[in-house]
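Everything on this sheet refers to the single structure shown next.
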Amino acid sequence: MVKIFSEFDDPIEIPSRIEQFLSPSLSLSERKDKLTLDFDQPSADYLKFRQRIENDHVCLEHCMLKEKSIAGMVKVKNLSFEKSVKLRITFDTWKSHTDINCQYVKDTYTGSNRDTFSFEASLPDQVPPHEHIEFAICYEVNGVTFWDNNQGQNYRIIQSALKKSSNNTSDSHQRYGVSDWDVHFDRFGSPRSSQGIFP
């Protein structure tokens, strides 16, 4: 079932004495410690994603934050039947880390040259603002270890208050050649305004 939400044709008149209380309450309703991903989904650029699997033999496909955990999928090049894929994650900027085994996922669409693995890791209730949550993917096969560490930067999870939304927006506009006018004018979810999700 698809439900479509759109803006009202006639704006709702809000009395000014009520309107002054809305902005502060809305900004406070978003928790300051809410976590967000500080990287683009690797499979968003599919050609680059395939190239990374070919060259590095392992690549995070996509992941998502749940309420108290992070879950995702990993693609590896099928170099041997016996293989091990792990998620290495830290909650204190690499003072310590935890290794979590990824589970093999039977995927009939990937073919015999690639395998799919899934993971889910619990997140702590609170992370001090000076610490970082980061993770990387470890792929062990034929006695050799391959890493996907987001091309040397690691995959980072940060507090949403720290994410520079204005900088990210302007960067993505320049990257995809989308002007501010296009984004503000086209408010109803066309590919132009969704370019950050589906480039």
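Start at 1 with the first residue, then count along the sequence. The structure displayed is predicted, hence computed values, not measured ones.
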- If you round to the nearest 0.5 Å, how far is CG of Asp40 from NE2 of His62? 15.0 Å
- Item | Close side-chain approach of Tyr139 and Thr145, heavy atoms under 4.5 Å | no
- Pair Asn149, Tyr155: side-chain N/O donor-acceptor within cut-off below 3.5 Å: no
- Message: I'd like to know if Ile89 and Trp94 are part of one continuous hydrophobic network [Ile/Leu/Val/Met/Phe/Trp/Tyr, side-chain heavy atoms within less than 4.5 Å].
- Response: no
- Task: Consider only side-chain N and O atoms of Asn142 and Lys83, and report whether a donor and an acceptor are under 3.5 Å apart.
- Result: no
- Taken in chain and number order and not counting sequence neighbours, the residues that satisfy side-chain contact (heavy atoms from CB on, under 4.5 Å) with Arg50 are Tyr46, Arg114
- Residue pair Cys63 / Leu37: nearest heavy atoms and the distance that separates them: O-CD1, 3.7 Å
- NZ (Lys106) with more than 12 external heavy atoms under 6.0 Å: no
- What's the shortest heavy-atom distance between Leu35 and Leu65, and which atoms? O-CD1, 3.5 Å
- Item | hydrophobic_cluster_shared for Ile100 and Val76, side chain cutoff 4.5 Å | yes
- Item | Lys34 and Gln159, any side-chain heavy atoms less than 4.5 Å apart | no
- Message: Tell me the closest heavy-atom pair linking Val127 and Pro124, and the distance in Å.
- Response: CG2-CG, 3.7 Å
- Query: Are any of the side-chain heavy atoms of Val58 and Val74 separated by less than 4.5 Å?
  - Reply: yes
- To the nearest 0.5 Å, how far apart are CG in Leu87 and SG in Cys138? 10.0 Å
- Do Phe135 and Phe49 share a hydrophobic cluster, counting only Ile, Leu, Val, Met, Phe, Trp and Tyr and linking them when any side-chain heavy atoms are less than 4.5 Å apart? no
- Name all residues meeting the side-chain hydrogen bond (donor to acceptor under 3.5 Å, both in side chains) criterion together with Glu61; count only those two or more places apart in sequence or in a different chain, and write none if there are none. Lys75
- Does Arg88 pair with Asp99 as a salt bridge, N-O distance under 4.0 Å? yes
- Item | Under 3.5 Å donor-acceptor, Glu140 side chain and Phe146 backbone | no
- Task: Could you tell me the separation between the CZ atom of Phe91 and the CD1 atom of Ile157, rounded to the nearest 0.5 Å?
- Result: 7.5 Å
- Output for pair (Gln151 CD, Cys59 SG), nearest 0.5 Å, gives 8.0 Å
- Between Met73 and Thr116 the two heavy atoms that sit nearest each other are CE-CG2, 3.6 Å
- Same apolar cluster (I L V M F W Y, side chains within < 4.5 Å links), Ile137/Tyr104: yes
- Query: Distance only, no hydrogens: is a donor on one side chain within 3.5 Å (strictly under) of an acceptor on the other, for Glu134 and Thr90?
  - Reply: no
- Message: Quick check on the hydrophobic clustering: are Ile53 and Phe119 connected, directly or via other members, by side-chain heavy-atom contacts under 4.5 Å?
- Response: no
- Message: Rounded to the nearest 0.5 Å, what separates atom CE in Met64 from atom NZ in Lys66?
- Response: 6.0 Å
- Using the salt bridge (charged side-chain N to carboxylate O under 4.0 Å, His left out) rule, take Asp125 and Lys68 through it: C-alpha gap first, then chi angles, then the decisive distance, then the call. CA-CA 7 Å; Asp125 291 332; Lys68 294 287 183 185; 3.2 Å; yes
- Message: Please check: side-chain N/O of Asp148 versus main-chain N/O of Asn150, any donor-acceptor pairing under 3.5 Å?
- Response: yes
- Derivation and outcome, side-chain hydrogen bond (donor to acceptor under 3.5 Å, both in side chains), residues Glu120 and Ser69: CA-CA 7 Å; Glu120 184 162 356; Ser69 65; 3.1 Å; yes
